[in-house]
Amino acid sequence: MAKKNDVTVEDKLRALYDLQLVDSRIDEIRNVRGELPLEVEDLEDEVAGLSKRLDKMDADIEVIENDIKSKKNLIDESRVTMKKYAEQQKNVRNNREFNALSKEVEFQELEIELAEKHIKEYRAQIEQKKEVIEQTKERLEERKKHLEHKKSELNEILAETEKEEQALIKKSAEFEKNIEDRLVNAYKRIRSNVKNGLAIVPVERGASGGSYFTIPPQVIMEIAGRKKIITDEHSGRILVDEELAKEEQEKMQNLFAKV
């Protein structure tokens, strides 16, 4: 095989256009998948987020239930203390001691009242959280089903196209090796700057492929001569003549059929 630097301009143009055709076919395969991979990723994130939310709410309920137990224990302790003070009141020697014990009893009664109020509030919080949990569970199940459906869609497409895509990626890398680096870099730069990824386009009806800007006849003749690499002054794309393009398209169709 001739070295990269020894090949003719026509050889370089053919090699570049072949690379373009392969990369465009890869683009087509990926476009079939469309937004599915991103949709699947978003759904996976949403499912993970909902599951995490459920875990947090379950943990919150556990904390609240422990708070209720703590308040119930406080109530039991206060009742024991009240009973103790009531017994002590039977043996007081003066009103001062009786009143002091009465205040302690009143304080314990207030403690019980406050604890019961807190328990009521905690139980209301639990009920609210349980409602949210049920709603979240329903949402989670719906999102899981949707995720499975989208995964199934994606897997079907991948099963149909993944083998071809990998073979074409390998072929694209092989083609690149046979083109000098500066041209590959230029090709990639142009490709990244245009919407449809077309860096090498044929001249069609006196204009560059996909463009409405007319190319002067003299330039069209130079392109057909295949003696130098010419770019479209409007889009920056590298131009090839229509005949060369058709020849390479036919050749690459045979390659695609074998992949």
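No experiment lies behind these values; they were computed from the predicted model shown.
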Okay, side chain of [X], backbone of [Y]: is any donor-acceptor separation there less than 3.5 Å?
X    : Y    : value
R237 : V201 : no
T161 : I157 : yes
N94  : E97  : yes
D11  : V7   : no

Is any NZ, NE, NH1 or NH2 atom of the basic residue among [X] and [Y] found under 4.0 Å from an Asp or Glu carboxylate oxygen of the other?
X    : Y    : value
K151 : E44  : yes
K145 : E148 : no
E174 : K171 : yes
E87  : K90  : yes
E165 : R33  : yes
E116 : K71  : no
R25  : E28  : yes
K56  : D60  : yes
K246 : E243 : no

Is there a salt bridge (charged side-chain N to carboxylate O under 4.0 Å, His left out) between R139 and E142 once you walk through the steps?
CA-CA 5 Å; R139 175 70 175 172; E142 185 268 326; 3.5 Å; yes
Just one of E39, E35, E41, E156 clears the salt bridge (Lys or Arg N to Asp or Glu O under 4.0 Å) bar with K150, so which one?
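So the option named by the test is E39.
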Apply salt bridge (charged side-chain N to carboxylate O under 4.0 Å, His left out) to D18 and R14, showing your working.
CA-CA 6 Å; D18 288 347; R14 288 185 185 276; over 6 Å; no
pair [X]-[Y]: side-chain heavy atoms closer than 4.5 Å:
X    : Y    : answer
M57  : K130 : no
V184 : L16  : no
S208 : V203 : no
Y17  : Q249 : yes
L13  : L239 : no
E46  : L50  : yes
N185 : R182 : no

Can [Y] be reached from [X] by stepping across I, L, V, M, F, W or Y side chains whose heavy atoms are under 4.5 Å apart?
X    : Y    : result
V9   : V240 : yes
M82  : F107 : no
L74  : I112 : no
F256 : I169 : yes
I26  : V32  : no

Do you know the tightest heavy-atom contact between [X] and [Y]?
X    : Y    : answer
A224 : D241 : CA-CB, 3.9 Å
R123 : I68  : CG-CD1, 3.9 Å
Q125 : I64  : OE1-CD1, 3.6 Å
V194 : S235 : CG1-O, 4.4 Å
Q20  : I200 : OE1-N, 3.0 Å
S172 : D23  : OG-OD1, 2.8 Å

Could you give me the CA-CA distance, side-chain angles and deciding distance for R191 and D27, then say whether salt bridge (charged side-chain N to carboxylate O under 4.0 Å, His left out) is met?
CA-CA 12 Å; R191 188 165 146 76; D27 291 342; 2.9 Å; yes
If you count every heavy atom of other residues, nucleotides or ligands that lies below 6.0 Å from K251 atom NZ, does the total exceed 12?
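Counting other residues, nucleotides and ligands, NZ of K251 exceeds 12 neighbours.
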Candidate pair E222 and K227, rule salt bridge (charged side-chain N to carboxylate O under 4.0 Å, His left out), full reasoning
CA-CA 7 Å; E222 288 180 9; K227 298 298 181 185; over 6 Å; no
I133 and its side chain to side chain contact (heavy atoms under 4.5 Å, CB included) partner, picked from E131, Q135, K137:
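Looking at E131, Q135, K137, the match for I133 under the side chain to side chain contact (heavy atoms under 4.5 Å, CB included) is K137.
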L244 vs E10, test: side-chain contact (heavy atoms from CB on, under 4.5 Å). Steps then yes/no.
CA-CA 9 Å; L244 181 149; E10 181 177 340; 4.2 Å; yes
